[in-house]
Amino acid sequence: MGYDRIANAKSHNYGTHFYCSDPKILASLRNPRQVYQRIKSQPFVIGPDYSVRMNMPFPQKLNNSFNIKLVTAWYQYMGVLTVPNVVWSDESHIDAYLDGYPSCSIIAINSTGIGHDARAIMNWQTGYRYVVEVLNPLAIIRYGVKLPGEVESISYYKKNDNLKSCCYGW
């Protein structure tokens, strides 16, 4: 369930993700202790997903990538079972985006931000193959639409539950 909806949830027996719009999740960076109080009892959390879009200046993308890893590491330090959320926007600096992620581990990857843009899909697929090659993950928690070329034998797919809230307005 999305972080932005856990306060209204009837059950807390699920993982929490930050695959929400940046304004909804910036509290995880600006006030991490408050967010920690909300997520500390969750079975697990997928690390934040601050935008790293193709049209952003590289320093901004690198800063958002760093902040994802920083907040994830802090949650882990605080004892929250946190799955690293791996992000990239293009292959030109992919090693910089991947720096600091664990190899031979469980990771999470989101595909919701690429939409139907052919260039974004191609960049995502290229990056995905590189992530699998470099990080050699044991398992991938995949959020969003399944795309051709994924390693399905190690992937666990979760549909975009944000669409439901967009459709019904909650």
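For this chain, numbers begin at 1 and follow the sequence in order. Both backbone and side-chain heavy atoms feed into the values below; hydrogens, waters and symmetry mates do not.
Hydrophobic clustering, with ILVMFWY side chains joined whenever heavy atoms are under 4.5 angstrom apart, groups V151 together with L135. Under the 4.5 Å side-chain heavy-atom criterion for ILVMFWY residues, no single connected hydrophobic cluster contains both I109 and F66. If you chain together hydrophobic residues whose side chains sit under 4.5 Å apart, M78 and L29 fall into the same group. W88 and M56 end up in different hydrophobic clusters when Ile, Leu, Val, Met, Phe, Trp and Tyr side chains are linked at under 4.5 Å. Clustering ILVMFWY residues whenever any of their side-chain heavy atoms sit less than 4.5 angstrom apart, transitively, puts L26 in a cluster other than the one holding L70.
Nearest heavy atoms, N31 versus Q34: ND2-OE1, 3.0 Å. Across all non-hydrogen atoms, the minimal contact from P32 to W74 is O-CZ3, 3.5 Å. K61 and V52 get closest at one heavy-atom pair: CB-CG1, 3.7 Å. Residues A96 and K69 approach most closely at O-NZ, 3.6 Å, considering heavy atoms. When all heavy atoms are compared, the tightest approach of M54 to N123 is SD-ND2, 2.7 Å.
Residue pairs satisfying the side-chain hydrogen bond (donor to acceptor under 3.5 Å, both in side chains) criterion with at least one member in residues 91-102, sequence neighbours excluded, are listed as follows: S89-Y97, D90-S92, D95-Y130.
For the pair R38 and Y3, the cation-pi criterion (under 6.0 Å, within 45° of the ring axis) is fulfilled. For the pair K158 and Y143, the cation-pi test (distance below 6.0 Å, angle within 45°) is failed.
In this view, K40 satisfies the salt bridge (charged side-chain N to carboxylate O under 4.0 Å, His left out) rule with no residue, not counting sequence neighbours.
A distance of 4.5 Å separates CD of E152 from OH of Y157, quoted to the nearest 0.5 Å. Between atom NE2 of residue H17 and atom CG of residue D49 there is a gap of 10.0 Å, rounded to the nearest 0.5 Å. I46 contributes atom CD1, which lies 10.5 Å from atom OG1 of T72 (distance to the nearest 0.5 angstrom).
Looking only at distances, no side-chain donor or acceptor of Q125 sits under 3.5 Å from a matching main-chain atom of G149.
Between the side chains of Y75 and S28, no donor-acceptor pair is found at a separation under 3.5 Å. In summary, the side chains of S103 and N136 do not present any donor paired with an acceptor at a separation below 3.5 Å, with no hydrogens or angles considered.
Each of I141, V80, I106 was compared with F44 under the side-chain contact (heavy atoms from CB on, under 4.5 Å) criterion, and only I141 meets it.
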Does the side chain to side chain contact (heavy atoms under 4.5 Å, CB included) test come out yes or no for F18 and N85, once each step is laid out? CA-CA 9 Å; F18 288 88; N85 178 47; over 6 Å; no
